[in-house]
Amino acid sequence: MSQHEPTPSSLPSPSALPTLPPEPPYYAVVFTSLRTPGDQGYAERSDEMERLAAGMPGFLGLDSARGADGFGITVSYWRDEESIAGWRDQADHAATRADGRAHWYESFAVHVAKVERSYDFHR
């Protein structure tokens with residue numbers, strides 16, 4: 001596996017770079033969504049959920065992007081299905097999912113996949 005080298009200032013900040021893939025096998029939870037108009041507290045809660053997920057057992061990383069049209073994709077990486085279930089069942093995350101259905105999303109889909117192989121490239 002490659003290691004992330006320090007980047008010159010002309011490149012995106014490290015937080016804008018894709019997550020380095022962990023050694024397979026691992027799991028990817030792909031969350032695609034279409035937002036409702038306005039923030040309604042979404043950005044703050046999203047940041048809270050990222051911090052909370054990062055502290056959960058089995059969490060390996062996260063990539064996320066959202067377009068100007070409101071369509072977004074977040075991929076979180078987990079060691080195993082038990083870790084995913086722990087995140088799903090975490091009380092603050094469960095409350096946030098309910099708020100998402102009520103306020104923040106027009107629609108969303110969740111896909112869970114086992115990753116058998118991965119690779120990366122960095123200039």
Side-chain angles (χ1 to χ4, degrees):
M1 288 288 117
S2 68
Q3 296 298 312
H4 185 59
E5 300 293 327
T7 58
S9 61
S10 62
L11 294 178
S13 69
S15 63
L17 297 173
T19 297
L20 292 175
E23 190 65 34
Y26 58 92
Y27 287 80
V29 177
V30 182
F31 177 73
T32 57
S33 63
L34 182 61
R35 282 287 323 279
T36 55
D39 182 78
Q40 304 177 61
Y42 175 83
E44 182 179 344
R45 187 76 65 87
S46 178
D47 290 345
E48 288 174 20
M49 290 300 102
E50 282 191 38
R51 285 190 298 274
L52 186 60
M56 294 291 295
F59 178 82
L60 301 173
L62 179 133
D63 291 311
S64 189
R66 184 164 305 279
D69 62 355
F71 181 79
I73 183 168
T74 298
V75 183
S76 58
Y77 306 100
W78 300 88
R79 179 181 316 115
D80 49 38
E81 290 189 86
E82 292 78 18
S83 300
I84 295 168
W87 174 238
R88 181 197 64 219
D89 296 341
Q90 201 284 339
D92 293 332
H93 182 226
T96 297
R97 288 196 317 272
D99 287 343
R101 288 181 180 94
H103 306 290
W104 298 319
Y105 298 115
E106 289 292 338
S107 63
F108 66 82
V110 178
H111 313 273
V112 179
K114 184 175 184 181
V115 178
E116 299 285 348
R117 179 177 56 251
S118 67
Y119 56 92
D120 60 307
F121 168 81
H122 297 277
R123 190 167 304 281

Hydrophobic clusters here meaning ILVMFWY residues chained together by side-chain heavy-atom distances under 4.5 Å, can you tell me if Val112 and Val75 are in one?
no
For Phe59, which residues count as a ring pair (Phe, Tyr, Trp, His ring centres under 6.0 Å) partner, sequence neighbours excluded?
Trp78
Side chain Thr32, main chain Phe108, donor-acceptor under 3.5 Å:
no
Heavy-atom closest pair (Gln90 atom, Asp92 atom, distance to 0.1 Å) is OE1-N, 2.7 Å
Treat each ILVMFWY residue as a node, draw an edge where side-chain heavy atoms are under 4.5 Å apart, and state whether Tyr42 and Val110 are in one component.
yes
side-chain hydrogen bond (donor to acceptor under 3.5 Å, both in side chains) partners of Trp87, counting only residues at least two apart
His93
Sorted by chain and number, sequence neighbours left out, side-chain hydrogen bond (donor to acceptor under 3.5 Å, both in side chains) with Asp80 holds for Ser83
His103: what forms a ring pair (Phe, Tyr, Trp, His ring centres under 6.0 Å) with it, not counting sequence neighbours?
none
Partners passing side chain to side chain contact (heavy atoms under 4.5 Å, CB included) against Ala43 (at least two apart in sequence or in another chain):
Asp39
Please check if Tyr27 and Tyr77 belong to a single hydrophobic cluster, counting links between Ile, Leu, Val, Met, Phe, Trp and Tyr side chain heavy atoms closer than 4.5 Å.
no
For Phe71, all residues meeting ring pair (Phe, Tyr, Trp, His ring centres under 6.0 Å), sequence neighbours excluded:
none
Taking all atoms of both residues into account, what is the closest heavy-atom pair of Ala94 and Arg88, and its distance?
CB-O, 4.5 Å
Can you give me the closest heavy-atom contact between Leu62 and Thr19, atom names plus distance?
O-OG1, 2.8 Å
Any salt bridge (Lys or Arg N to Asp or Glu O under 4.0 Å) involving residues 57-76? Give me the pairs, sequence neighbours left out, ordered by first then second residue.
none
Applying side chain to side chain contact (heavy atoms under 4.5 Å, CB included), name anything that partners Val115, two or more places apart in sequence or on another chain.
Tyr26, Ala28, Ser118
When every non-hydrogen atom of Glu116 is compared with those of Pro24, the smallest separation belongs to O-CB, 3.4 Å
Rounded to the nearest 0.5 Å, what's the gap from CG on Leu34 to OH on Tyr105? Could you check?
10.5 Å
Which side-chain N or O atoms in residues 44-52 pair as donor and acceptor under 3.5 Å with protein atoms at least two apart or in another chain?
from, atom 1, to, atom 2, distance (Å)
Arg45, NH1, Thr96, OG1, 3.0
Arg45, NH1, Asp99, OD2, 2.8
Arg45, NH2, Asp99, OD2, 2.9

